[in-house]
> 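Please read through the structure below; I'll follow up with questions.
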Amino acid sequence: MTDQEAAGLRVERDAGTGVAVVTLDRPERHNALTARTAAELARLWRELRGDDTVRAVVLTGAGERAFCTGIDRAAEVPQPSSPYSIEDPLLAVGPKANDLWKPVLAAVNGMACGGAFYLVGECEFVIAAEHATFFDPHTTYGMVSAYEAIAMAQRMPFGEVARMSLMGTAERVSARRAYEIGLVSEVVAGADVVAAAVRAAATLASFPTEAVQGTVRAVWSAKEAARTQAMAHAPHLIALGNADAARQAELFATRARGDGFRTR
């Protein structure tokens with residue numbers, strides 16, 4: 001077993017099409033990320049950056065229930081004592097954070113929530129299964145949605161990202177609504193979501209890769225300054241606004257008993 005497989009990652013490369021499919025492979029935990037998974041994913045993006053046989057990437061999650069549900073609640077992330085810094089293992093989890101400018105498409109096949117937006121937020125576009133849903137649980141559990149909200153603010157209308165970030169676990173955005181607001185570019189049957197993303201990725205991989213990567217970089221540069229400035233505020237907002245660990249655990253235990261939610 002490779003280090004990537006042990007960390008809950010599966011990678012399949014197709015030399016013929018130039019497409020790599022990266023699968024978050026922890027379906028029993030809704031493909032939640034541990035610190036080890038996050039570190040291996042960052043390492044993988046850097047590896048793919050130098051692999052000239054890979055010209056486009058599809059990112060998905062194993063199973064039908066979830067694409068990714070962010071950081072695993074069982075993961076222990078020790079925090080510095082200083083109020084001026086936080087330890088966040090997901091900051092370097094995305095392809096752009098690792099200077100990968102080959103196109104990455106997300107195939108969302110279930111829940112995408114919370115820390116999943118570090119990943120969704122750094123993909124070129126999203127193809128979603130009909131049963132996919134998007135939500136941000138932070139406020140429900142006494143946490144500030146900062147990095148996640150900022151990432152989604154680059155992809156969604158202000159009112160929509162504000163509503164999703166504030167409504168917590170009380171509400172989920174359906175794939176159809178996500179398509180209507182521009183978060184998702186295509187909605188397909190659940191069984192077809194990875195294949196649809198691979199088809200699109202294969203098209204991109206068939207074009208001259210320098211032109212494709214240059215276009216990816218150009219598109220991202222359009223919002224880069226505002227995003228960078230906003231991200232700089234995030235750790236301070238989190239330090240000021242997060243409930244302490246005991247209160248978060250109490251809120252999580254209460255919600256875990258099965259309070260309802262609406263899907264719109």
> Do V120 and I127 belong together in a cluster built from hydrophobic side chains that touch within less than 4.5 Å?
no
> For the OH atom of Y147 and the CD1 atom of I238, what is their distance to the nearest 0.5 Å?
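It comes to 5.0 Å.
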> Within the structure provided, determine whether R247 and D244 are in side-chain contact (heavy-atom separation under 4.5 Å).
yes
> Which atom names give the shortest non-hydrogen contact between F67 and A107, and what distance separates them?
CD1-O, 3.6 Å
> Any side-chain heavy atom of L9 sitting closer than 4.5 Å to one from L41?
yes
> Whether E160 and R163 form a salt bridge (side-chain N of Lys/Arg under 4.0 Å from carboxylate O of Asp/Glu) is what I want to check.
no
> For residues D136 and M152, determine if any side-chain heavy atom of one lies less than 4.5 Å from a side-chain heavy atom of the other.
no
> Quick check: is V187 connected to M164 through a chain of hydrophobic side chains (ILVMFWY, heavy atoms under 4.5 Å apart)?
yes
> Would you confirm whether S185, through its side chain, and V126, through its main-chain N or O, come within 3.5 Å as a donor-acceptor pair?
yes
> Can you check whether E124 reaches V104 side chain to side chain, under 4.5 Å on heavy atoms?
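Side-chain contact under 4.5 Å: yes.
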> Taking all atoms of both residues into account, what is the closest heavy-atom pair of V144 and N242, and its distance?
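Looking at all heavy atoms of both residues, the shortest contact is N-OD1, 2.7 Å.
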> Are L33 and L24 close enough, and set up right, to give a side-chain contact (heavy atoms from CB on, under 4.5 Å), and what steps lead you there?
CA-CA 8 Å; L33 303 172; L24 306 175; 4.2 Å; yes
> I'd like to know if V58 and V54 are part of one continuous hydrophobic network [Ile/Leu/Val/Met/Phe/Trp/Tyr, side-chain heavy atoms within less than 4.5 Å].
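No, it is not one cluster - the side chains of V54 and V58 are not joined through contacts under 4.5 Å.
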> Check this for me: does any side-chain nitrogen of one of E224 and K96 sit under 4.0 Å from a carboxylate oxygen of the other?
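No salt bridge links E224 with K96.
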> Can you name the nearest heavy-atom pair linking P95 to W45, along with the distance?
N-NE1, 3.5 Å
> Any salt bridge between D72 and R26, counting N to O under 4.0 Å?
yes
> Side chains of V93 and L119, heavy atoms from C-beta outward: is any pair under 4.5 Å?
yes
> Do you know which two heavy atoms are closest between V198 and V21, and how far apart they sit?
CG2-CG2, 3.8 Å
> Please report the interatomic distance CZ(R55) to OG1(T209), rounded to the nearest 0.5 Å.
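Interatomic distance, R55 CZ to T209 OG1, rounded to 0.5 Å: 7.0 Å.
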> Can R13 and D51 be said to form a salt bridge (Lys or Arg N to Asp or Glu O under 4.0 Å), step by step?
CA-CA 10 Å; R13 294 172 171 86; D51 185 348; 3.1 Å; yes
> Can you measure from CD (E122) to CZ (R155) and round to the nearest 0.5 angstrom?
9.5 Å
> Would you say M231 ends up clustered with L91 if hydrophobic residues are merged whenever their side chains have heavy atoms under 4.5 Å apart, either directly or through other cluster members?
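Yes; M231 is reachable from L91 via cluster members.
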> Output, in order, the C-alpha distance, side-chain angles, deciding distance and verdict of side-chain contact (heavy atoms from CB on, under 4.5 Å) for L204 and L105.
CA-CA 10 Å; L204 301 182; L105 314 185; 4.2 Å; yes
> Check the pair R264 / E180 against salt bridge (Lys or Arg N to Asp or Glu O under 4.0 Å), numbers first and verdict last.
CA-CA 11 Å; R264 65 182 181 92; E180 292 170 350; over 6 Å; no
> Regarding T34 and T37, do their side chains bring together a donor and an acceptor under 3.5 Å, going by distance alone?
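Their side chains do contain a donor-acceptor pair, which is all the 3.5 Å distance test asks for.
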> Would you say M167 and F135 make side-chain contact, with heavy atoms under 4.5 Å?
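Result no, sub-4.5 Å side-chain heavy-atom pair not found.
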> Is it the case that over 12 heavy atoms from other parts of the model lie below 6.0 angstrom from the CD atom of E64?
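No, not enclosed.
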> Consider only side-chain heavy atoms of I, L, V, M, F, W and Y, link residues closer than 4.5 Å, and tell whether I181 and F117 are in one cluster.
yes
> What do you reckon, is CZ of R49 surrounded by more than 12 foreign heavy atoms closer than 6.0 Å?
yes
> Which atom names give the shortest non-hydrogen contact between C123 and L59, and what distance separates them?
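Looking at all heavy atoms of both residues, the closest pair is SG-CD2, 4.3 Å.
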> Are any of the side-chain heavy atoms of L183 and V173 separated by less than 4.5 Å?
no
> Please determine whether the number of non-hydrogen atoms from other residues, nucleotides or ligands lying under 6.0 Å from atom CZ of F125 exceeds 12.
yes
> Hey, what's the ring geometry for W220 with W101, parallel, tilted or perpendicular (30° and 60° as the breaks)?
perpendicular
> NE2/H233 to CD1/I150 distance, rounded to the nearest 0.5 angstrom?
8.5 Å
> For residues R10 and A62, report the shortest heavy-atom separation together with the two atoms involved.
NH2-CB, 4.0 Å
> Can you tell me how far apart CG (D192) and CD (E130) are? Round to the nearest 0.5 Å.
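So the gap between those two atoms works out to 8.5 Å.
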> Considering only heavy atoms from C-beta outward, does the side chain of Y118 approach that of E148 to under 4.5 Å?
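In contact.
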> From E47 CD over to L44 CG, what is the distance, rounded to the nearest 0.5 angstrom?
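Result: 5.5 Å between the selected atoms.
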